[in-house]
Engineer: 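This is the structure, below, for whatever I ask next.
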Amino acid sequence: MEPEIFRKRLLGWYATHHRRLPWRETSDPYAIWVSEVMLQQTRVATAIPYYQRFIDRFPTPGHLADADIQSVLKLWEGLGYYARARNLHRAAGIVDSRFNGQVPDNPAVFQSLPGVGDYIAAAVLSIAFGRVLAVVDGNVKRVLSRLMEIDSPVNRNGAHKIFKAPATGLICPKHPADFNQAVMELGALICRPKKPACGACPLSVLCLANRHHTTADFPKRDASRKAPHRHLSIGVILKKGKMLAVQRPMEGLLGGLWEFPAVPTDGEQGDWKGFAEMMATETGLTIAVDRRLTRIRHAYTHFRLTGDVYLCRHVAGRVRLKSAKGHRWVTLRSLAHLPLHKANHKFMDALAAALGR
DNA sequence: AAGCCGGGGGA
DNA sequence: TCCCCAGGCTT
């Protein structure tokens, strides 16, 4: 593989075929950083509206650092992987207070910030500062695995380091920003996971998998285990026209987000008494269960969830939370100001209808 | 080295 | 249904 030929063909294709994306209209390192964080494990089309809102609302690290984490999570609501928002918020505080609001252009310094790993560092510093650092993401691994018929499974633990070597050997030292984006753009538009458009690929003449008709065999991937299933009973507890909302701990799954209190169950629906007792342990409240409102299903990365939602009434007691971080008695209107995760959003329409609005 | 962490869209 | 997306952190 001659790197010069590879670069020339790839960059020539990118110059005429790249998409116009919001974060390609700026040279602001902070804005590019925000885009890269949002794009982790997230499709371009999904990230675009979040990116626009985020930059409008928090145009500089200082604006982000000054913001309440709850408002940041609210803006992130629905995007998932909420630790990204918490880390970005923390990192903005460090940039604002220790680096005079300037994104560090030194890889080691930048990568020391929370949420900044090898990919983010290489992406932001190459695109914003022209540093010659090769990115390795899912696209890059797929393109290189086909190009060079690399047998290493891309989803195995050490895959990043394995693919970093050839990527570093190929990156164009004169155009690192365009080069990195070009490999990823090629992976997104041409060298797709399924049905790659090899006929339109500028690298097809260099590609071993294309030559051997083995494109479908790459990238190699370790088999994934199928996700287990969990069942939850969720309580909408009404008291004087308001409902009890609780905030999850800042760490762990959906950290810092709000929800209606819930308890794990075995999947049986009949045991309202057991449900009320578990809710009493969870919230400190004695409740009466009126009826089941609806059932929702939601898929997380590592498990699937079925949730039965029950309309309940507060009977006695003051709120004493077992696992939650805090609580509020909310109306539907005030609930809308809190960051709520997707599984709860899935029954908002049914809840609004039941409450007569 | 392995496990954890969301949500969506295409096939 | 399954796949997989501009990954990083914790243990």
Side-chain angles (χ1 to χ4, degrees), chain A residues 18-19 21-24 32-51 73 76-88 90-91 110-124 126-127 133-143 153-161 163-164 167 177 179-189 191-196 216 219 221-229 248-257 259 296-305 339-346:
Chain A
H18 71 84
R19 293 167 292 182
L21 300 172
W23 43 87
R24 289 185 178 151
I32 292 166
W33 178 14
V34 170
S35 76
E36 295 296 350
V37 173
M38 288 187 172
L39 287 165
Q40 288 178 51
Q41 305 300 105
T42 305
R43 292 199 190 320
V44 164
T46 303
I48 286 175
Y50 284 91
Y51 171 82
L73 286 173
W76 211 271
E77 181 182 58
L79 195 54
Y81 284 129
Y82 299 94
R84 296 184 294 177
R86 300 196 305 272
N87 286 332
L88 188 56
R90 282 174 51 208
F110 186 42
Q111 205 169 330
S112 73
L113 297 173
V116 181
D118 186 79
Y119 169 78
I120 298 273
V124 173
S126 65
I127 296 170
L133 302 166
V135 297
V136 175
D137 74 332
N139 291 302
V140 174
K141 286 188 282 192
R142 185 170 58 257
V143 170
V154 292
N155 61 339
R156 196 174 283 180
N157 193 277
H160 183 89
K161 185 180 290 185
F163 284 89
K164 182 89 175 179
F179 180 93
N180 278 335
Q181 293 183 87
V183 184
M184 294 189 284
E185 195 79 335
L186 190 81
L189 301 181
C191 197
R192 300 173 298 226
K194 294 169 184 174
K195 297 184 180 179
R221 180 174 287 276
D222 282 343
S224 58
R225 289 198 303 271
K226 76 172 187 179
H229 189 269
R248 299 177 64 92
M250 293 305 290
E251 309 78 28
L253 182 71
L254 306 168
L257 272 74
E259 64 186 8
I296 58 102
R297 299 174 193 280
H298 191 63
Y300 294 94
T301 307
H302 295 288
F303 64 95
R304 296 179 187 287
L305 175 70
L340 203 68
H341 57 82
K342 198 66 184 181
N344 274 216
H345 270 292
K346 285 186 172 178

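Chain naming here is simple, since letters A, B, ... match the order of the sequence lines and numbering starts at 1 in each.
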Engineer: What pairs with R221(A) under side-chain hydrogen bond (donor to acceptor under 3.5 Å, both in side chains), at least two apart in sequence or on another chain?
Structural biologist: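 Scan of R221(A) (side-chain hydrogen bond (donor to acceptor under 3.5 Å, both in side chains), adjacent residues dropped) gives none.
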Engineer: In this structure, how many angstroms lie between the P atom of dC4(B) and the CG atom of N157(A), rounded?
Structural biologist: 14 Å
Engineer: Does W76(A) reach a base, just sugar-phosphate, or nothing at all? Heavy atoms under 4.0 Å.
Structural biologist: nothing
Engineer: For N344(A), what residues pass the side-chain hydrogen bond (donor to acceptor under 3.5 Å, both in side chains) criterion, not counting sequence neighbours?
Structural biologist: none
Engineer: Using the test side chain to side chain contact (heavy atoms under 4.5 Å, CB included), find all partners of P22(A) that sit at least two apart in sequence or belong to another chain.
Structural biologist: I48(A), Y51(A), Q52(A)
Engineer: Students often get this wrong, so: under 4.0 angstrom with heavy atoms, is S224(A) touching a base, only sugar-phosphate, or nothing?
Structural biologist: sugar-phosphate
Engineer: Considering residues at least two apart in sequence or located in another chain, which fulfil the ring-ring contact (aromatic ring centres under 6.0 Å, His included) criterion with Y300(A)?
Structural biologist: H298(A), F303(A)
Engineer: Report yes or no: do Q40(A) and Y119(A) form a side-chain donor-acceptor pair below 3.5 Å?
Structural biologist: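 No, Y119(A) and Q40(A) have no side-chain donor paired with an acceptor closer than 3.5 Å.
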Engineer: On DNA chain C, which is the earliest and which the latest nucleotide, 5' to 3', with an atom closer than 4.0 Å to a heavy atom of chain A?
Structural biologist: dC2(C) to dC9(C)
Engineer: In whole Å, I'd like the distance from the CG atom of N155(A) to the P atom of dG3(B).
Structural biologist: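 Rounded to the whole Å, the gap is 12 Å.
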Engineer: Who are the side-chain hydrogen bond (donor to acceptor under 3.5 Å, both in side chains) partners of K342(A), not counting sequence neighbours?
Structural biologist: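 Testing K342(A) for side-chain hydrogen bond (donor to acceptor under 3.5 Å, both in side chains), a comparison that skips the adjacent residues, returns none.
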Engineer: Can you name the residues that form a side-chain hydrogen bond (donor to acceptor under 3.5 Å, both in side chains) with R248(A), not counting sequence neighbours?
Structural biologist: E259(A)
Engineer: Want to settle it: does H160(A) or R304(A) sit nearer the 5' end of DNA chain C, counting the closest nucleotide to each?
Structural biologist: R304(A)
Engineer: Classify every nucleotide of nucleotides 5-11 of chain B by which part a protein heavy atom approaches to under 4.0 Å, writing B for the base, S for the sugar-phosphate alone and - for neither, in 5'-to-3' order.
Structural biologist: BBBBB--
Engineer: Side-chain polar contacts of residues 222-229 of chain A - donor-acceptor pairs under 3.5 angstrom, sequence neighbours left out - could you list them?
Structural biologist:
| unit_1 | atom_1 | unit_2 | atom_2 | d |
| --- | --- | --- | --- | --- |
| D222(A) | OD1 | R156(A) | NH2 | 3.1 |
| D222(A) | OD2 | R156(A) | NE | 2.9 |
| D222(A) | OD2 | R156(A) | NH2 | 3.4 |
| H229(A) | NE2 | T306(A) | OG1 | 2.7 |

Engineer: When we call it a touch if two heavy atoms are under 4.0 Å apart, what does N180(A) touch: a base, just sugar-phosphate, or nothing?
Structural biologist: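 Nothing: the residue N180(A), judged by heavy atoms under 4.0 Å, touches no strand.
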Engineer: Roughly how far apart, to the nearest Å, are dC4(C) and dC5(B) at atom P?
Structural biologist: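 Nearest-Å result for dC4(C) against dC5(B) at atom P: 22 Å.
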Engineer: Just call it for V140(A): base, sugar-phosphate, or nothing, with non-hydrogen atoms closer than 4.0 Å on any strand.
Structural biologist: nothing
Engineer: Which dot-bracket string describes DNA chain B (Watson-Crick N1-N3 plus N6-O4 or O6-N4, or G-U N1-O2 and O6-N3, all under 3.5 Å; [ ] crossing; | other strand)?
Structural biologist: |||||.|||||
Engineer: Checking the side chain of K346(A) only, and the main-chain atoms of I296(A) only, is there a donor and an acceptor separated by less than 3.5 Å?
Structural biologist: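 No, K346(A) side chain to I296(A) backbone: no donor-acceptor pair under 3.5 Å.
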Engineer: When we call it a touch if two heavy atoms are under 4.0 Å apart, what does R86(A) touch: a base, just sugar-phosphate, or nothing?
Structural biologist: nothing
Engineer: Could you list the residues that satisfy side chain to side chain contact (heavy atoms under 4.5 Å, CB included) with A167(A), not counting sequence neighbours?
Structural biologist: A134(A), V136(A), V140(A), L144(A)
Engineer: Taking any heavy-atom pair under 4.0 Å as a contact, classify R156(A): base, sugar-phosphate, or nothing.
Structural biologist: nothing
Engineer: How far does the P atom of dG6(B) sit from the matching atom of dT11(C), given to the nearest Å?
Structural biologist: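 So the two P atoms sit 16 Å from each other.
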Engineer: Give me the distance, rounded to whole Å, that separates dA11(B) from dA6(C) when you measure between the P atoms they each carry.
Structural biologist: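 Straight-line distance between the two P atoms is 14 Å.
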Engineer: Could I get the full list of ring-ring contact (aromatic ring centres under 6.0 Å, His included) partners for F163(A), not counting sequence neighbours?
Structural biologist: none
